[in-house]
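Numbers here simply count residues along the sequence, with the first being 1.
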Amino acid sequence: MRVPIRHVAGNVAWSTHGTVWALWRVLGSGQAQVSQAARVRHLHAVSGLVKHLEGEAMLMSLCPQVDPATVGEQMLEGVDLEASPRYVAMVDEVLDRLEQMELSGRTDWLAVPLPASRLQAVRAAVAAARSEVETWLGLLPAPVSAAEERQRLAQAQRLAAAWPGGLRVRPATSAEVLWIYGHSARRGVWEPSLPAGGVEASGRG
């Protein structure tokens, strides 16, 4: 299955169909210790935003696989290991059990198609079609220009700046964008871990 994007820059992805998407990670939704009332308020805030956005915005709830070793590292972070032998032994026991289980987390993402003028839409569609033909012929597609990257990234930033302050989001990294697009093709099989928030990458489908 071919990933349906031809270019990624920051949290913006250019699809093979001509639409340009911006993606954000919704923060605070996957915390187990949050009260039910807080979860309901958060859900209402997110759903209210999605309803008022232009275009076919999507709210995606994805479950990345969790490495038991990562859980163990988080449990030991900041702990004086020499002064806490019983705690270290408990962590080892927990890891032994976790390694026999299939672990997953939950992450929420907001994907919004960036508005485009009629001329921009036509140019994007033509560029996407040309890229598809060049890829089919075995040629390297023409890259998205740096000027267009800056324009779309700034557009995504302005869009998010107008959202209500009660909803906590951050721009997805390009590595996360690539992981999201690949996630649907890997459901039910082993997949790479969700990249850390600070990891950047770029690529074409």
Residues that W24 engages under ring-ring contact (aromatic ring centres under 6.0 Å, His included), provided they are two or more places apart:
W163
Please answer whether the main-chain N or O of M75 pairs with a side-chain N or O of Y87 as donor and acceptor at a distance below 3.5 Å.
yes
Non-hydrogen atoms of L114 and A156 that approach each other most closely:
CD2-CA, 4.1 Å
Nearest heavy atoms of A9 and L153, plus distance in Å:
O-CD2, 3.3 Å
Flag the pair R86 / M90 as yes when at least one side-chain heavy-atom distance between them is below 4.5 Å, and no otherwise.
no
Might you point out which heavy atoms bring W21 and E56 nearest each other, and give the distance in Å?
CH2-O, 3.4 Å
Pairwise distance CG(L110) to CE(M60) - rounded to 0.5 angstrom
8.0 Å
Residue pair L76 / V88: nearest heavy atoms and the distance that separates them:
CD2-CG2, 4.4 Å
Counting distance only, does the side-chain N/O of N11 pair as donor-acceptor with the main-chain N or O of L23 below 3.5 Å?
yes
Would V91 and V79 satisfy side-chain contact (heavy atoms from CB on, under 4.5 Å), going step by step from the backbone distance to the final call?
CA-CA 11 Å; V91 172; V79 176; over 6 Å; no
Just so I know, are the side chains of V8 and Y181 near enough to count as touching, which here means a heavy-atom distance under 4.5 Å?
no
Going by atom types only, do E176 and W109 share a side-chain donor-acceptor pair under 3.5 Å?
no
Enter the distance from T173:OG1 to L178:CG here, rounded to the nearest 0.5 Å.
8.5 Å
Hey, does V12 have a side-chain heavy atom less than 4.5 Å from the side chain of V177?
no
Side-chain H-bond candidate by donor/acceptor type, R152 with Q155, under 3.5 Å
yes
Is any side-chain heavy atom of V144 closer than 4.5 Å to a side-chain heavy atom of R6?
yes
